Amino acid sequence: MLSVEGLEAGYGRARVLFGVSLEVPPGRLVCVMGRNGVGKTTLLNTVMGVLPATGGRVTFEGRDVTRLRPDQRVRLGMGYVPQGHETFAQLSVMDNLLVTLEASAHRDQAAVEEALEVFPRLKPLLKRPAGFLSGGQQQQLAMARALVTRPKLLILDEPTEGIQPSIILEIEEAVERLHATGLAILLVEQYLDLALRLADAFLILDAGRVVRSGAARDLQDEEVHRLLSV
Ligand SMILES: Nc1ncnc2c1ncn2[C@@H]1O[C@H](COP(=O)(O)OP(=O)(O)OP(=O)(O)O)[C@@H](O)[C@H]1O
């Protein structure tokens with residue numbers, strides 16, 4: 001479904017990704033792991049076109065999307081929830097969802113209801129400005145917004161980062177449910193236990209390169225622990 005080959009990217013002269021390749025097959029959850037600053041967010045931003053690739057290729061459902069704008073990728077079915085649960089702080093929860101609906105390829109109002117079914121906690125908050133939500137609620141809203149576009153692939157950057165434990169569980173369950181419905185997911189996650197529970201496959205980045213990849217069961221290997229420990 002998503003195929004990344006030899007991806008290179010960086011900031012100005014500072015190169016961050018050095019030939020990263022990965023595959024997300026249909027319906028699979030692939031977890032990207034690695035210590036702080038190894039290039040996980042840079043990878044996702046480049047896969048989405050927020051950051052231009054300086055080399056390599058991104059293919060989605062057989063189509064080369066490497067030069068497409070992020071909004072064009074969204075319309076093709078790539079949903080992205082960046083780190084830091086970005087929402088429109090002044091807009092109500094409902095308007096946050098409706099703005100995304102307007103920008104979606106289908107514009108089917110039912111998609112808003114569907115997204116709220118995944119995050120029912122948002123239902124009593126629909127009129128509240130997003131800026132007044134807790135961090136966990138904002139993360140749920142950011143994920144609900146991505147779902148409104150009815151993605152075929154959902155790309156999540158550390159959805160549990162900085163979130164209170166009770167909400168982490170809800171977010172984890174939502175990811176699990178979405179995965180169970182057959183949605184393909186590319187997830188950046190630092191916590192090994194969470195990755196073990198959710199992932200089908202994983203890869204570990206170190207200094208902008210894939211240094212290890214495998215099936216979820218291999219996450220218990222000692223070498224994996226070593227690559228992730230600080
Ligand atoms: N906007 C930017 N301008 C310049 N350098 C950046 C920028 N964003 C990230 N970097 C650098 O690129 C490298 C990779 O950062 P990136 O955020 O992709 O890592 P990460 O693995 O996602 O880390 P974290 O888990 O801390 O988010 C780091 O050295 C970082 O300092």
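Whatever order the structure lists ligands and atoms in, that order sets their numbers, starting from 1. Note that the structure is predicted; figures quoted are calculated from it, not measured.
- Summary of contacts: the protein heavy atom closest to atom 25 (O) of ligand 1 is Lys40 NZ, 3.0 Å.
- Judged by distance alone, the side chains of Gln190 and Glu161 never bring a donor and an acceptor atom under 3.5 Å apart.
- The neighbour count for Arg121 CZ, taken as heavy atoms of other residues, nucleotides or ligands under 6.0 Å away, does not exceed 12.
- Set against the non-hydrogen atoms of Thr41, the atoms of ligand 1 under 4.0 Å away are 17 (O), 18 (O), 20 (P), 22 (O), 27 (O).
- The heavy atom nearest to atom 19 (O) of ligand 1, out of those in Gly34, Gly39, Gly12, Gly208, is found in Gly39.
- Ala14 does not count as a contact of ligand 1, since none of its heavy atoms falls under 4.0 Å from the ligand.
- Of the N and O atoms on the side chains of Glu189 and Thr160, at least one donor lies less than 3.5 Å from an acceptor on the other residue.
- Salt-bridge annotation for Lys123 and Glu117: present, with a side-chain N of the basic residue lying under 4.0 Å from a carboxylate O of the acidic one.
- Of the residues listed (Thr41, Val38, Leu51, Thr42), the one engaging Val16 in a side chain to side chain contact (heavy atoms under 4.5 Å, CB included) is Thr42, and it is the only one.
- From the protein, the heavy atom lying nearest to atom 27 (O) of ligand 1 is Gln83 NE2, 3.5 Å.
- The contact set between ligand 1 and Arg35, taken as ligand atoms under 4.0 Å from a residue heavy atom, comprises 21 (O).
- When Asn36, Thr42, Val38 are checked for heavy-atom proximity to atom 16 (P) of ligand 1, Thr42 turns out nearest.
- Here is the list of ligand 1 atoms found below 4.0 Å of a heavy atom in Gln190: 25 (O).
- Ion pair Glu114/Arg150 flagged as a salt bridge, since at least one NZ, NE, NH1 or NH2 atom sits closer than 4.0 Å to an Asp/Glu carboxylate oxygen.
- Atom 11 (C) of ligand 1 has its closest protein heavy atom at Tyr11 CE1, 4.0 Å.
- Each of the following atoms of ligand 1 lies closer than 4.0 Å to a heavy atom of Gly37: 13 (C), 14 (C), 19 (O), 20 (P), 21 (O), 23 (O), 24 (P), 26 (O), 28 (C), 29 (O).
- For the 3.5 Å distance criterion, the side chains of Thr54 and Glu8 fail to qualify, holding no donor opposite an acceptor.
- Counting protein heavy atoms under 4.0 angstrom from atom 30 (C) of ligand 1 gives zero.
- Within ligand 1, counting atoms from 1 as listed, the ones closer than 4.0 Å to a heavy atom of Glu158 are 25 (O).
- Using a 3.5 Å distance cut-off with no hydrogens or angles, the side chains of Ser21 and Glu5 do not pair a donor with an acceptor.
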